[in-house]
**Q** 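The structure's right below; bear with me while I get my questions together.
In what follows, every heavy atom counts, from backbone to side chain, and hydrogens, waters and symmetry copies are set aside.
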Amino acid sequence: MTDRPATPPMPAPLFGKLAVIGPGLIGSSILRRAQRDGTIAAELVACDIDPTARQRVAELGIADRVEADPILAAADADCVILCVPVGAIASVGAQILPAMKPGAILSEVGSTKQSIITAIAPALRPDIAFVPTHPMAGTEYSGPDAGFATLFDDRWCLLTPLEETDPAATAIIETLWHRLGARTRIMDPAHHDRVCAIVSHLPHLLAFTICGTADDLADETRSEVLDFAASGFRDFTRIAASDPVMWRDIFLNNREALLEMLARFMEDAQAMARAIRWGDEDFIVDRIERGRHIRRSLLENRQA
């Protein structure tokens, strides 16, 4: 009789209590994965000021406790993750930091970093580690029903710890994101904002603008645009369906990097326009080939 190999023991949960403030797409996906995984937290706490969202979280059963007051949610948590809009992260963080227990970790998932770090800095405590993060995953949907447990699988989560952040806390948050399914990279906050301006923020700005241009066309033409939209335009409309408050905050909080990338794009767009006007076939083909190369690279990197 052959003995079966012993099943390796499940790792102990990283946290006794994990509080997620803002159980929208990202927050509810964290809760779902943590609930499914069993190695992230022994107890999951969700918090939202919106009673409808709280009721829905309770109905979905994705948290052990649902709170209306972020101070109550954070007070006894070993880790608090702020999943609120970028413009609210610093104010919510400042509200809960005095109530957090010594040794706890505060994190957040905003799409910009320098503005958040600058705004929250006066409220930070030396006995609370602050580890900003940015999971590069999402859809155009929002709210507790939008989340799913596999949202972060094979996606990047960028960590931008402060110089004074305890490396042990950064390592714990990195382990958290690995258990959530993500790949991780540690990055300087300023570099993060420039990278995200080109790969995320500018594409959304263009999508909102293109859809606005289509909507401003004469009624007859606009109807035809909607009737005969090809896949390229449909892709823009999917991006443009994203939450307006969230993206307003992102644009305003990363304005310098975004405006820099927008200026560079406008120069490149003008160069393409000149090539089309003067029939510069080589220039046009070169730009198309470069786009094809980027697409192949995304596929090889499992990001498409």
**Q** So which heavy atom on Thr39 is nearest to which on Arg179, and how close?
**A** O-NH1, 2.6 Å
**Q** I'd like to know if the side chain of Ser107 reaches the main chain of Val131, judged simply by a donor and an acceptor atom lying under 3.5 Å from each other, with no hydrogens or angles considered.
**A** yes
**Q** Mind checking side chain to side chain contact (heavy atoms under 4.5 Å, CB included) for Phe148 and listing every partner two or more places apart, or none if nothing turns up?
**A** Thr139, Thr150, Leu151
**Q** What verdict does the side-chain contact (heavy atoms from CB on, under 4.5 Å) test give for Arg33 and Asp153, after you've listed the backbone C-alpha separation in whole Å, the side-chain angles of each residue and the deciding distance to 0.1 Å?
**A** CA-CA 10 Å; Arg33 182 58 170 255; Asp153 281 355; 2.7 Å; yes
**Q** Hey, does Ile250 have a side-chain heavy atom less than 4.5 Å from the side chain of Met246?
**A** yes
**Q** Shortest non-hydrogen contact from Ile30 to Cys83?
**A** CD1-SG, 4.1 Å
**Q** So which pairs with a foot in residues 259-272 pass side-chain hydrogen bond (donor to acceptor under 3.5 Å, both in side chains), sequence neighbours left out?
**A** Arg194-Glu260
**Q** Could you measure the distance from the CG atom of Asp286 to the CE atom of Met272? Nearest 0.5 Å is fine.
**A** 9.0 Å
**Q** Between Leu206 and Phe265, is any pair of side-chain heavy atoms under 4.5 Å apart?
**A** yes
**Q** Please find the pair of heavy atoms, one from Ala137 and one from Ile26, that lie closest to each other, and give the distance.
**A** O-CD1, 3.6 Å
**Q** Under 3.5 Å, is there a donor-acceptor pair linking the side chains of Thr112 and Ser115?
**A** yes
**Q** Looking only at heavy atoms, which two atoms of Pro132 and Pro161 are closest? And how far apart?
**A** CD-CA, 4.0 Å
**Q** Return each pair, listed once, that meets ring-ring contact (aromatic ring centres under 6.0 Å, His included) where at least one residue sits in residues 86-136; pairs must be two or more places apart or across chains.
**A** His134-His192
**Q** Would you tabulate the side-chain donor-acceptor contacts of residues 49-66 under 3.5 Å, counting partners in other chains and residues two or more places apart, or write 'none'?
**A**
{"residue": "Asp50", "atom": "OD1", "partner": "Thr52", "partner atom": "N", "Å": "2.9"}
{"residue": "Arg54", "atom": "NH1", "partner": "Asp48", "partner atom": "O", "Å": "2.9"}
{"residue": "Arg54", "atom": "NH1", "partner": "Ile49", "partner atom": "O", "Å": "3.2"}
{"residue": "Gln55", "atom": "NE2", "partner": "Glu59", "partner atom": "OE2", "Å": "3.0"}
{"residue": "Arg56", "atom": "NE", "partner": "Asp145", "partner atom": "OD1", "Å": "2.9"}
{"residue": "Arg56", "atom": "NE", "partner": "Asp145", "partner atom": "OD2", "Å": "2.9"}
{"residue": "Arg56", "atom": "NH1", "partner": "Glu59", "partner atom": "OE1", "Å": "3.0"}
{"residue": "Arg56", "atom": "NH2", "partner": "Asp145", "partner atom": "OD1", "Å": "2.9"}
{"residue": "Asp64", "atom": "OD2", "partner": "Leu44", "partner atom": "N", "Å": "2.7"}
{"residue": "Arg65", "atom": "NE", "partner": "Glu67", "partner atom": "OE2", "Å": "3.0"}
{"residue": "Arg65", "atom": "NH1", "partner": "Asp76", "partner atom": "OD2", "Å": "3.4"}
{"residue": "Arg65", "atom": "NH2", "partner": "Leu72", "partner atom": "O", "Å": "3.2"}

**Q** Give, for atom NZ of Lys17 and atom SG of Cys79, the distance between the pair rounded to the nearest 0.5 Å.
**A** 14.0 Å
**Q** Count I, L, V, M, F, W, Y as connected when their side-chain heavy atoms are under 4.5 Å apart, and connections chain through other members. Are Ile105 and Ile96 then in the same cluster?
**A** no
**Q** Tell me, please, which residues at least two apart from Asp78 pass salt bridge (Lys or Arg N to Asp or Glu O under 4.0 Å).
**A** Lys101
**Q** Does this structure show an ion pair linking Arg185 with Glu174, if we count only N-O contacts that are shorter than 4.0 Å?
**A** no
**Q** Apart from Val45 itself, what residues make up its hydrophobic cluster, given side-chain heavy atom links below 4.5 Å?
**A** none
**Q** Does the side chain of Gln95 reach to within under 4.5 Å of the side chain of Pro70, using non-hydrogen atoms?
**A** yes
**Q** Take Ile21 and Ile81, measure what side-chain contact (heavy atoms from CB on, under 4.5 Å) needs, and give me the verdict at the end.
**A** CA-CA 6 Å; Ile21 299 180; Ile81 305 179; over 6 Å; no
**Q** Rounded to the nearest 0.5 Å, what's the gap from CG on Leu158 to NE2 on His191? Could you check?
**A** 9.0 Å
**Q** Given side-chain contact (heavy atoms from CB on, under 4.5 Å), test Ile288 with Ile284 step by step and report yes or no.
**A** CA-CA 6 Å; Ile288 295 171; Ile284 295 169; 3.9 Å; yes
**Q** Nearest 0.5 Å please: distance from the CZ atom of Arg155 over to the CG atom of Leu180.
**A** 15.0 Å
**Q** Do we see a donor-acceptor contact under 3.5 Å between the side chains of His201 and Ser111?
**A** no
**Q** Anything under 30° is parallel, anything over 60° is perpendicular, the rest tilted; go ahead and classify Phe251 against Phe208.
**A** perpendicular
**Q** So if you build clusters from Ile, Leu, Val, Met, Phe, Trp, Tyr with side-chain heavy-atom gaps below 4.5 Å, do Val109 and Trp156 land together?
**A** no
**Q** Among all residues two or more places apart in sequence or in another chain, which pass the side chain to side chain donor-acceptor pair (under 3.5 Å) test with Ser200?
**A** none
**Q** Would you call Glu108 and Ile116 a side-chain contact if the rule is heavy atoms closer than 4.5 Å?
**A** yes
**Q** Return the minimal non-hydrogen interatomic distance between Val86 and Gly110, and the atom names on each side.
**A** CG2-CA, 4.1 Å
**Q** With a 4.5 Å limit on heavy-atom distance, are the side chains of Cys47 and Asp69 in contact?
**A** no
**Q** Could you see if Phe283 belongs to whatever hydrophobic cluster contains Trp278? Use Ile, Leu, Val, Met, Phe, Trp, Tyr and a side-chain cutoff under 4.5 Å.
**A** no
**Q** Could you check whether any side-chain N or O of Asp280 sits under 3.5 Å from a backbone N or O of Ala275, counting only pairs where one atom can act as donor and the other as acceptor?
**A** no
**Q** Once side chain to side chain contact (heavy atoms under 4.5 Å, CB included) is applied, do any residues pair with Ala75, and if so which ones, sequence neighbours excluded?
**A** none
**Q** Of all residues at least two apart in sequence or in a different chain, which pass the side chain to side chain contact (heavy atoms under 4.5 Å, CB included) check with Arg248?
**A** Val245, Leu252
**Q** If you compare all heavy atoms of Ala73 against all heavy atoms of Ala19, which two are closest, and at what distance to 0.1 Å?
**A** O-CB, 3.5 Å
**Q** Drop me the distance from Thr184's OG1 to Leu176's CG, to the nearest 0.5 angstrom.
**A** 10.5 Å
**Q** Tell me every residue that passes salt bridge (Lys or Arg N to Asp or Glu O under 4.0 Å) with Asp282, counting only those two or more places apart in sequence or in another chain.
**A** none
**Q** According to a hydrophobic-cluster definition based on side-chain heavy atoms being under 4.5 Å apart (Ile, Leu, Val, Met, Phe, Trp, Tyr only), do Met100 and Leu18 belong together?
**A** no
**Q** Show which residues join Ile71 in its hydrophobic cluster (side-chain heavy-atom contacts under 4.5 Å, direct or indirect), or state none.
**A** none
**Q** Side chains of Arg125 and Leu106: closer than 4.5 Å at any heavy-atom pair?
**A** no
**Q** When hydrophobic residues are tied together by side-chain contacts of less than 4.5 Å, even through go-betweens, does Ile117 share a cluster with Val80?
**A** yes
**Q** Identify, with sequence neighbours excluded, every residue that meets ring-ring contact (aromatic ring centres under 6.0 Å, His included) alongside Phe152.
**A** Trp177
**Q** What's the spacing between Thr165 OG1 and Ile186 CD1 if we round to 0.5 Å?
**A** 10.0 Å
**Q** Is a donor from one side chain sitting under 3.5 angstrom from an acceptor on the other, for Ser28 and Arg32?
**A** yes
